[in-house]
Amino acid sequence: MATSARYPARPTQESQTVTDLHRHLREKLLAAIADLGLPATEAAGMLRLDPPRNRDHGDVALGAFQLAKLAKLPPPKFAAEIAARIAADDIIESAVAAGPFVNFKFRRGAMAREVLTAIHSDAAPYGKAATNDQVVCIDFSSPNIAKPFHIGHMRSTVLGNALCRIHRHLGATVHGINHLGDWGMPFAKMMTAYMRFGDEVELHKSPMRHMFELYKRYDAEAKANPELNEEAAQRFKALESGEDNEERRMWQLLRDESLKAFQGPYSRLGVTFDHITGESFFEDKMDAAMARVEKAGVLEESDGADVVWLKDQGIKQPCLLRKSDGTTLYHTRDLAAAFYREETFHPTRILYIVGGEQKLHFAQLKGVLIKMKEAIADAIEHVPFGLVLSKGPEGKWEKFASRSGNAVFLDEILDEAVRKVRGVIAEKNPDLDDPDAVAEHVGVSAIIFNDLKNGRIKDVKFDWDAMLAFEGETGPYVQYACARLSSILRKVDLPVPAVDSIDFELLADAERVLLTMMDFAAAVQRAADQSEPSVVTHFTIALAGEIHSYLADHYVVSAEPAVRNARLVLVDAARRLLTTGLDLLGIKAPERM
RNA sequence: GCGCCCGUAGCUCAGCUGGAUAGAGCGACGGCCUCCGAAGCCGUAGGUCAGAGGUUCGACUCCUCUCGGGCGCGCCA
């Protein structure tokens with residue numbers, strides 16, 4: 001599909017952020033390649049510098065296969081020719097041919113200077129892209145507020161929050177949007193349930209619990225009484241009529257109470273939105289959206305419903321935009337939302353952080369826009385994620401279902417995590433100030449971190465033990481590194497020296513830490529390009545591991561002044577970078593824990 | 001039935017859009033607190049990358065098929 005100027009292709013690996021050291025090496029290599037008589041542009045495209053699997057080989061490696069073919073030389077011979085043409089200088093320490101590879105090493109002092117200066121510079125956040133014209137709408141969390149906030153809602157919330165932060169860090173204009181499910185049949189069912197079995201006192205006392213009870217009761221009763229669903233459909237029709245009637249007042253009441261109840265989990269998770277525009281927000285915009293579809297000449301009637309066929313795009317199921325009773329659907333509202341966002345925000349990307357089971361829905365949404373020849377179609381991007389599974393009675397992993405009652409309220413999980421952290425604090429750090437606040441913070445972070453650790457497409461196996469583990473690759477592990485670094489800075493009780501003032505050569509023993517730090521910018525960029533926050537999560541784990549390892553046998557406080565100063569800058573940089581990394585995930589780094 | 005996703009160590013997962021001996025954490029076993037936080041560090045054991053073909057100089061990575069698990073498929077969201 002051709003992309004318009006308004007909706008340019010996504011950033012590619014080529015434009016990916018690299019350090020000045022890499023740029024320097026790349027220039028040298030291009031000169032060497034030119035010296036060997038290869039066509040410059042073609043060769044430049046083949047010039048890929050990757051960190052070698054085994055970092056003992058070097059800091060970056062060039063696999064010379066493609067270039068050697070272009071040069072009509074055997075790869076080992078070509079690699080040797082390249083290596084011979086890269087002279088050591090104040091940045092490059094060595095270039096060594098190893099079979100078909102060329103391995104490069106940067107000077108440790110140059111590496112330390114580059115990465116530490118960049119981290120300490122206040123001009124721009126480390127890892128920020130030079131320019132960024134992207135306007136990114138992120139549609140996330142978007143819970144159906146007629147149901148309680150449970151573990152299943154957390155993924156979209158936490159993933160979307162992290163993606164908002166990551167894009168902002170890269171300098172994009174971001175609109176975080178909570179597209180609440182506050183319209184349609186689920187809401188009508190809740191209204192019906194409330195009017196039949198509800199209790200106003202209970203509703204105000206504990207809205208989430210009460211609505212959960214109503215939800216379960218409705219589900220059970222509707223199985224025996226299908227007319228309940230008919231009543232709900234009628235109530236939805238009455239609501240959508242736009243008249244000031246009982247349904248509308250009921251809708252308002254339930255919506256207000258739900259929204260209030262949802263503030264609890266949101267504030268605990270530290271998640272905020274730029275716009276809370278639920279489906280109901282588009283109530284008065286759907287006629288215009290439908291008219292636009294009609295005008296494009298793609299709307300067809302089928303069994304009394306209005307649909308758009310997408311067979312030419314390989315989608316067999318039609319997209320339903322209006323039911324035979326005249327009411328609207330999920331698709332209608334998403335379409336109206338897409339038009340609204342286009343006009344209001346002029347986005348380059350619209351990310352829908354919605355479970356993978358809705359893949360067809362978003363393919364259809366995009367398909368309709370493509371068929372209508374709407375430019376916004378190019379911006380539509382479904383960011384799917386895996387299900388949350390729980391262990392069933394027979395030990396099999398199965399989908400959480402709120403109706404079967406195995407749903408776990410998010411608050412319960414957070415409370416459990418906080419309780420456990422509180423216990424750890426009592427044991428390990430009994431003198432800590434305000435342990436309850438720290439426990440709340442570390443416990444909640446552990447849950448968030450756990451959710452952002454694995455690739456988003458994977459199903460999450462809900463496992464209390466893993467969720468509440470605080471050792472190894474966990475949130476507390478990374479936060480602990482931050483606390484430990486802060487502690488060292490406190491103990492030294494000296495201002496962190498100016499970066500320029502230290503002898504960078506003294507940090508040669510921290511090469512693994514420095515090398516890991518250099519990966520940060522690329523990690524953030526990749527996380528944004530692929531909508532994959534776990535890349536950042538893994539970065540924080542890696543850096544925490546390297547700094548912990550370094551600290552085990554490199555003392556700061558007792559080192560001689562020149563070494564101490566250099567290490568202070570390193571420690572401060574590691575703390576800053578870990579803090580930034582965690583911040584991108586929506587987690588704060590504690591000074592003490 | 002059709003479409004899509006997943007399958008890597010006992011468990012939970014990485015593997016940077018094909019590259020050099022497949023890496024972590026947990027669990028197991030063994031070490032390290034008379035210098036900065038042991039929520040830590042160091043080491044040992046553990047893998048025919050589900051299976052079979054194919055493409056390639058080179059495949060965990062791409063293609064085809066098979067097996068296993070999951071999700072989706074017209075008036076729900």
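Throughout, protein chains are lettered first and strands after them, A, B, ... in sequence-line order, and every chain is numbered starting at 1. Worth knowing before you read on, the calculation uses all heavy atoms, side chains too, and leaves out hydrogens, waters and symmetry mates. Small disclaimer: the values here were computed from a predicted structure and weren't measured.
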Below 4.0 Å: OP1/OP2 of [N] and any side-chain N or O of [X]:
{"X": "A:Ser487", "N": "B:G37", "value": "yes"}
{"X": "A:Ser549", "N": "B:C42", "value": "yes"}
{"X": "A:Lys458", "N": "B:U12", "value": "no"}
{"X": "A:Lys461", "N": "B:C11", "value": "no"}
{"X": "A:Arg526", "N": "B:C16", "value": "no"}
{"X": "A:Tyr477", "N": "B:C41", "value": "yes"}

Residue [X], side-chain atoms from C-beta onward, closest of [options]:
{"X": "A:Arg490", "options": "B:G72, B:C60, B:G37", "answer": "B:G37"}
{"X": "A:Asn454", "options": "B:C13, B:G40, B:A77", "answer": "B:C13"}
{"X": "A:Tyr330", "options": "B:A20, B:G74, B:A77", "answer": "B:A77"}

When syn is taken as a glycosidic angle within 90 degrees of 0, is B:C33 syn or anti? syn
Between [X] and [Y], does any side-chain N to carboxylate O distance fall below 4.0 Å?
{"X": "A:Arg592", "Y": "A:Asp433", "answer": "no"}
{"X": "A:Lys237", "Y": "A:Asp325", "answer": "no"}
{"X": "A:Arg564", "Y": "A:Glu560", "answer": "no"}

Within the structure shown, what part of the strands sits under 4.0 Å from [X] by heavy-atom distance: base, sugar-phosphate, or nothing?
{"X": "A:Pro100", "result": "nothing"}
{"X": "A:Ala483", "result": "base"}
{"X": "A:Asp519", "result": "nothing"}
{"X": "A:Leu320", "result": "base"}
{"X": "A:Lys69", "result": "nothing"}

Rounded to whole angstrom, note down the [atom1] distance from [N] over to [M].
{"N": "B:G53", "M": "B:G46", "atom1": "C1'", "value": "30 Å"}
{"N": "B:G7", "M": "B:U12", "atom1": "P", "value": "13 Å"}
{"N": "B:A45", "M": "B:A24", "atom1": "C1'", "value": "16 Å"}

[X] ring over [N] six-membered base ring, under 5.5 Å and 30°:
{"X": "A:Phe101", "N": "B:A20", "answer": "yes"}
{"X": "A:Phe65", "N": "B:G19", "answer": "yes"}
{"X": "A:His538", "N": "B:A14", "answer": "no"}
{"X": "A:Tyr555", "N": "B:C36", "answer": "no"}

Would you say the side chain of A:Val383 lies within less than 4.5 Å of the side chain of A:Leu159, judging by non-hydrogen atoms? no
pair A:Pro497-A:Leu568: side-chain heavy atoms closer than 4.5 Å: yes
May I ask you to check whether [Y] and [X] place their ring centres under 6.0 Å from each other?
{"X": "A:Phe470", "Y": "A:Tyr477", "result": "no"}
{"X": "A:Phe101", "Y": "A:His57", "result": "no"}
{"X": "A:Tyr352", "Y": "A:His179", "result": "no"}

Looking at A:Asp509, A:Val557, A:Asp572, which one forms a side-chain contact (heavy atoms from CB on, under 4.5 Å) with A:Arg567? A:Asp509
Here the helical stems involving RNA chain B, each at least 3 consecutive Watson-Crick or G-U pairs closer than 3.5 Å, sorted by first residue number, are B:1-7 with B:67-73, B:10-13 with B:23-26, B:28-32 with B:40-44, B:50-54 with B:62-66
Is there a residue in residues 177-187 of chain A whose heavy atoms reach under 4.0 Å of RNA chain B, and which residues are they? A:Gly184, A:Met185, A:Pro186
Where do N or O atoms of nucleotides 25-30 of chain B meet protein N or O atoms at under 3.5 Å, pair by pair?
unit_1 : atom_1 : unit_2   : atom_2 : d
B:G25  : O2'    : A:Glu473 : N      : 3.4

